[in-house]
There are 2 protein chains.
Amino acid sequence: MSEPPRPPNKRTTIYQVALEAGVAPSTVSRAFSRPSRVNADTAERIRQVAERLGYRTSPLARALTTSRTRIVALVIADISNPVFTEMVRGAQEAANDADYTTVLIDAQESDRLERTALERALPSVDGIVLASSRMSDSTIRWFSKQRPVVVLNRAIPDVPCVVTDNPQGARRAAEHLAELGHDHITYVSGPEASWANGIRWRSLLEACIELKLKVRRIGPFSPNIEGGETAVEELRRRPTTAVLTYNDLMAIGLIRGLDRLGAKVPADISVIAFDNIVVGEIVTPRLTTVAAPLFAEGAAATKHLLTMIDGAPARTGQPMVLPVRLVVRDSTARRRTGR
Amino acid sequence: MSEPPRPPNKRTTIYQVALEAGVAPSTVSRAFSRPSRVNADTAERIRQVAERLGYRTSPLARALTTSRTRIVALVIADISNPVFTEMVRGAQEAANDADYTTVLIDAQESDRLERTALERALPSVDGIVLASSRMSDSTIRWFSKQRPVVVLNRAIPDVPCVVTDNPQGARRAAEHLAELGHDHITYVSGPEASWANGIRWRSLLEACIELKLKVRRIGPFSPNIEGGETAVEELRRRPTTAVLTYNDLMAIGLIRGLDRLGAKVPADISVIAFDNIVVGEIVTPRLTTVAAPLFAEGAAATKHLLTMIDGAPARTGQPMVLPVRLVVRDSTARRRTGR
DNA sequence: GTGAAAGCGCTAACAC
DNA sequence: GTGTTAGCGCTTTCAC
């Protein structure tokens, strides 16, 4: 009832292979490590015996002696946000190529849950990729003292980071809206704990000053569809013709909310978002958005993490910046003149 | 360059705690296991010392002796399919409540990748939940001989399974369409490797016979938006007024494709899907769909897995069936009479 | 209730 | 290149 009588699930050990092959256990071990420092034919014989006996090296025991598990943790802010799926794919590809396994941790937009889950995973992983972490800088630094850490979508001094070119993205968005005749942009904020949210807003601010556009900010709101719908209330009190949202999901919610109020996008209001998730292409109107190279982000972060695990120095200093591009679709249009 | 000079990352060991607390290592071990078979005050003293020294029990070493890692693997068919996010949440909640960690494996709709990833994870997990597995029955049985396995969205004899009430769902869908005046339903197939796809089709077939509706099937197509778009080609060659798709994503793609061809949903064609993912509510038209209790599925499967890990007998025999309900939204309408 | 000793399966260090 | 020895940090008999 209480303690599990689980069958120990007998596995063939390195000793049985050694015995059968007529060599020492250490030789078997060497035959299975790379580079295999064993005579070619001895290695072959060992391999055959191992095969026949169904021997599989125990990652647990190996980890206990080497203190390396060949597992990396990938923490994402919210598994329900499609923005992470491509990142995950990129990270997994990079990890698999290097013979590493990825474990995914869903922070559920909570710094507390993120921290708890990560603490629990910490002892069994060789390194950590933090994608859009909601934890504080100091907590992240604390983790980075225990294990190699690479941060994605965020810049923290002294911790290696991979970010997208948010300033360029915000600027391209502003330019696009300006070209369409808009002279006032409203930024719809995502979570305050999001570093990307801060930089996106500040970059927009700067771009608008330079382009001589008026700009203001509302929020913060949840970085999802409901958040966007909520934002409509505030937007209604302070009308505008052009909006930049923290991410695609919020733009989708915003457009829905506006629609309910009878305001049409893009006829009445132009909307631009960030990220370029797949659904942005299937909603009506299709979203104009600042596209991030999601797969590449995940891959780049993981690759750098793996070099750190192999002893390379952390790339501190400037974060690695990945380019963005503006994808113009149907949620932006020329500002209506007159009324 | 080749071998990692990783700092061994000194952790406090059970010996240091034992020394400091003036007890034997085994006593420390006992103090940290439940139920703690140690004098209450001794236990308290040990706990304090441990706390002070920052002692954390090593899951690796523990796993090596107990052969239990307190990790369960959750394999999902495709991380980009939102249908899995709630299942994952449900599974994680159940696991966390029992002090287990979940590792997520994305099979990327490939039985080969699924198998490879799972084989690699196998030695380090106590059990496996297979959500919408694309592997063959025999492969799944093979895994279930190595470790406790619970299968989600699929029924396999002699392996414990959690499924939704697909027959009831298909029937409700057919009834709904019949009530709207449709007398012919086209089923748009998902992947052949999907068990759910098979049962959904067969159930529809039965329901239609009973309700005296005509029915046919097209496909198979990929279980995603592109798959739905592709299906339009075939649908065009064999027109219909009512469609049931394997899942929501395909319905979304199908509706887009129809739209491009000038056919309107629901005016010209009614569409019903399965699953009830969140985006089904935000697309235009909003999807009518057979809603599955996604969170509950994940939780139920994981809970049963945990009992098996604790030595309870596998619930073979009949699969656990969870109820579905038809959510009527805007993608279905009364059949146009005349032309 | 607690201590001593043995060992989980593997790798590292040192001989030869 | 290969064998020998000594653990990694913990749990688990078996005594007492």
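In what follows, every chain begins at residue 1, and chains take the letters A, B, ... in the order their sequences are listed. Since this is a predicted model, take the numbers as computed values, not measurements.
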Within this structure, what is the CG-to-P distance between A:Leu64 and D:dT11, rounded to whole angstrom?
12 Å
Provide, to the nearest angstrom, the distance between the CD1 atom belonging to B:Ile46 and the C1' atom belonging to C:dT2.
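Atom CD1 in B:Ile46 sits about 10 Å away from atom C1' in C:dT2.
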Let's go through A:Arg115 and A:Glu119 carefully: what are the C-alpha distance in whole Å and the side-chain angles of both, what is the deciding distance for salt bridge (charged side-chain N to carboxylate O under 4.0 Å, His left out) to 0.1 Å, and is it a yes or a no?
CA-CA 6 Å; A:Arg115 197 191 157 122; A:Glu119 266 174 356; 3.5 Å; yes
A:Arg37, CZ atom: more than 12 neighbouring heavy atoms under 6.0 Å:
no
Quick check on A:Arg112: does its CZ atom have over 12 non-hydrogen neighbours (other residues, nucleotides or ligands) under 6.0 Å away?
no
Terminal axis angle for the helix from C:dG1-D:dC16 to C:dC16-D:dG1, five pairs an end, nearest 10 degrees
30°
Protein proximity profile, nucleotides 10-16 of chain C - base contact B, sugar-phosphate-only contact S, no contact -, cut-off 4.0 Å on heavy atoms:
BBBB---
Using the side-chain heavy atoms of A:Asn39, tell me which of these nucleotides is nearest: C:dT2, D:dT2, C:dG3.
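Between C:dT2, D:dT2, C:dG3, the one nearest the side chain of A:Asn39 would be D:dT2.
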Assess, by modelled atom type and distance only, whether the side chains of B:Glu297 and B:Thr164 contain a donor and an acceptor separated by less than 3.5 Å.
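The answer is no; no qualifying pair exists.
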Under 3.5 Å, is there a donor-acceptor pair between the A:Glu20 and A:Gln16 side chains?
no
Kindly say whether B:Asn153 contributes a backbone atom to a donor-acceptor pair with the side chain of B:Ser132 at under 3.5 angstrom?
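No; judged by distance alone, with no hydrogens or angles, the pair does not exist.
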Is a donor on one side and an acceptor on the other found under 3.5 Å between the side chain of B:Thr12 and the backbone of B:Leu53?
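Indeed, once roles are kept as given, a pair shorter than 3.5 Å links the two residues.
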Thinking salt bridges, do B:Arg89 and A:Asp106 make one under a 4.0 Å N-O criterion?
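Looking at B:Arg89 and A:Asp106, the cut-off is met.
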